[in-house]
Amino acid sequence: LAASCASFEEWRGSTRLFQSENKAPQRKDNVVSLMPHLQARRQWSSMSFGDHLDDILKDGGPGRLRTLRTCKPEEVRKIDPHVLEHVLLHLVQRRLPFLQIVTSRGLMQSHYGTLDFANVEDGLLFLHSGHSMMVLDLDAIAHVYSVMRCDAGVDVPMLEIYDTMDRCIAVLACDVDEQRTPLNQWRDIITSLPSALNVIV
């Protein structure tokens, strides 16, 4: 390289170009390693309900969502988000008790009970249960996943709801401490939901 250059300045410029071409690429801030998510997938069968919720609490949902997308179909299934409203209205009719968990980064609030009634106004779904009210912005819902968890040796599906920024809005789940009949009814409802067509995203 030095013999082919006419001057020191040309040689220095050539070596600078050579160094830049062979420089290791810098890792971008938005590139996330898949290893933690692959590790979580391997431990999926041994995760408790609290472990699943803790996954959401860590960053509010984006990390959890990346894990869901690496799981096996029998563990995680993407649901058509348009059916969520009909599911909740059906739960009102069935008077089936379940857990409503509102999530945020580092914070969760839950309510257990049956839905007394539900109504939709201006794209907002109002869910009334006793003295508690939960409101879902239907237009903000981008992803809904049916997640199978093993609790006390029983496979229990729960619904995880995410917005367009991959943040977890809410988790709907059945309490395994309840009688087996409500649990079976809950499982039948969730497993019957249609899958989303764009299952990759």
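Please read all numbers here as calculations on a predicted model, not as lab measurements. One-based numbering along the sequence shown.
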* Rounded to the nearest 0.5 Å, what separation is found between the CG atom of D163 and the CG atom of D137? ->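 Rounded to the nearest 0.5 Å, the CG-CG separation comes to 9.5 Å.
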* Hey, what do you get for CG (L193) to NE2 (H86), rounding to the nearest 0.5 Å? ->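 Answer rounded to 0.5 Å: 11.5 Å.
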* To do: Count the heavy atoms of every other residue, nucleotide or ligand shown that sit under 6.0 Å from NE2 of H82, and state whether that count exceeds 12.
  =>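 No, the 6.0 Å shell around NE2 holds no more than 12 heavy atoms from other groups.
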Please confirm whether the backbone N or O of [Y] pairs with a side-chain atom of [X], one donor and one acceptor, at under 3.5 Å?
X    : Y    : result
W186 : M158 : no
D51  : S48  : yes
T114 : L96  : no

Can you tell if the side chain of [X] reaches within under 4.5 Å of the side chain of [Y], non-hydrogen atoms only?
X    : Y    : value
L65  : E160 : no
C168 : R64  : no
I189 : L91  : yes
L88  : L136 : yes
V144 : L159 : yes
Y162 : L68  : yes

* Asked: Given T103, which of M108, Q109, R167 fulfils the side chain to side chain contact (heavy atoms under 4.5 Å, CB included) condition?
  ->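 Single side chain to side chain contact (heavy atoms under 4.5 Å, CB included) partner of T103 among M108, Q109, R167: M108.
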* Carboxylate-amine/guanidinium proximity below 4.0 Å for R95 and D116 ->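 A salt bridge is present here (some side-chain N lies under 4.0 Å from a carboxylate O).
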